[in-house]
Amino acid sequence: MKKISDTFFITETKNENPIYQQIYDIVRLIPEGKVANYGQIAAMLAHCTPRMVGYAMAALPSGSDVPWHRVINSQGKISQRAGGDGENIQRLLLETEGVEFDSNGSVDFSKVGWKVLK
DNA sequence: TCCATGACAAGAG
DNA sequence: GCTCTTGCCATGG
């Protein structure tokens with residue numbers, strides 16, 4: 001059992017629960033205006049790797065309630081899957097929440113980085 | 001079953 | 001600061 005926040009706990013089940021479910025649970029904990037990177041999420045689920053987090057996001061249905069747009073890579077940049085449609089949808093969603101992007105199109109983790117209390 | 005691929009990260013050179 | 005390499009594992013052909 002890991003403590004994510006004061007009111008949130010997750011069970012460290014290895015085979016019982018799909019790992020994805022835990023990843024989604026973590027992502028759902030990210031508050032508005034904050035962002036987290038894959039490594040951070042993977043670190044919270046010690047038996048998880050950034051690869052899996054990325055894959056979990058890719059497998060996420062579009063109608064999901066998971067704020068996938070708050071998950072970006074370790075460089076503070078958005079990893080866009082397709083070059084075509086919905087290019088800036090993620091950035092747009094973040095800006096709507098108050099996340100600022102610099103001229104490089106990256107966010108400042110020291111400002112909007114999600115800090116988790118362990 | 002094997003092989004290639006993928007929204008990544010961290011370390012080495 | 002940048003490129004290359006390795007770890008890790010679900011998914012699809």
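These numbers were taken from a predicted model, which means no experiment stands behind them. Per chain, numbering begins at 1; letters A, B, ... match sequence-line order.
Residue contacts shown for A:M52 are limited to sugar-phosphate atoms, with no base heavy atom under 4.0 Å away.
Here C:dC8 presents its P atom at 16 Å from CG of A:L45, a figure rounded to the nearest Å. Rounded to an integer number of Å, the gap from CG of A:N73 to P of B:dA10 is 11 Å. When the C1' atom of B:dA7 is taken as reference, atom CZ of A:R91 falls 17 Å away, rounded to whole Å. Following rounding to the nearest Å, A:L60 (CG) and B:dA7 (P) show an atom-to-atom distance of 14 Å. Whole-Å rounding puts the A:Q75 CD to B:dC8 P distance at 10 Å. Taking atom CD1 of A:I41 as the reference point, atom C1' of C:dC9 lies 17 Å away to the nearest angstrom. One interatomic measurement links the two molecules: CH2 of A:W68 to P of B:dA7, which rounds to 13 Å at whole-angstrom precision. Look at CG on A:N104: it is 11 Å from P on C:dG1, rounded to the nearest Å.
Evaluated for a side chain to side chain contact (heavy atoms under 4.5 Å, CB included) with A:V71, the options A:V35, A:I23, A:I30 yield exactly one hit, A:I30.
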Exercise for the section: Decide yes or no on salt bridge (Lys or Arg N to Asp or Glu O under 4.0 Å) for A:K34 and A:E97, but give the supporting numbers first. Expected result: CA-CA 8 Å; A:K34 297 291 181 182; A:E97 295 180 354; over 6 Å; no
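Surrounding CD of A:E100 are at most 12 heavy atoms belonging to other residues, nucleotides or ligands under 6.0 Å away.
Set against B:dA10, B:dA7, C:dC8, the side chain of A:S74 has B:dA10 as its closest nucleotide. Of all nucleotides listed (B:dA7, B:dA9, C:dA10), C:dA10 comes nearest to the side chain of A:Y55.
Of the N and O atoms on the side chains of A:N73 and A:S79, at least one donor lies less than 3.5 Å from an acceptor on the other residue.
Residue A:T49 places none of its side-chain N or O atoms closer than 4.0 Å to OP1 or OP2 of C:dG7. Side-chain N/O atoms of A:Y20 include one lying less than 4.0 angstrom from OP1 or OP2 on C:dT11.
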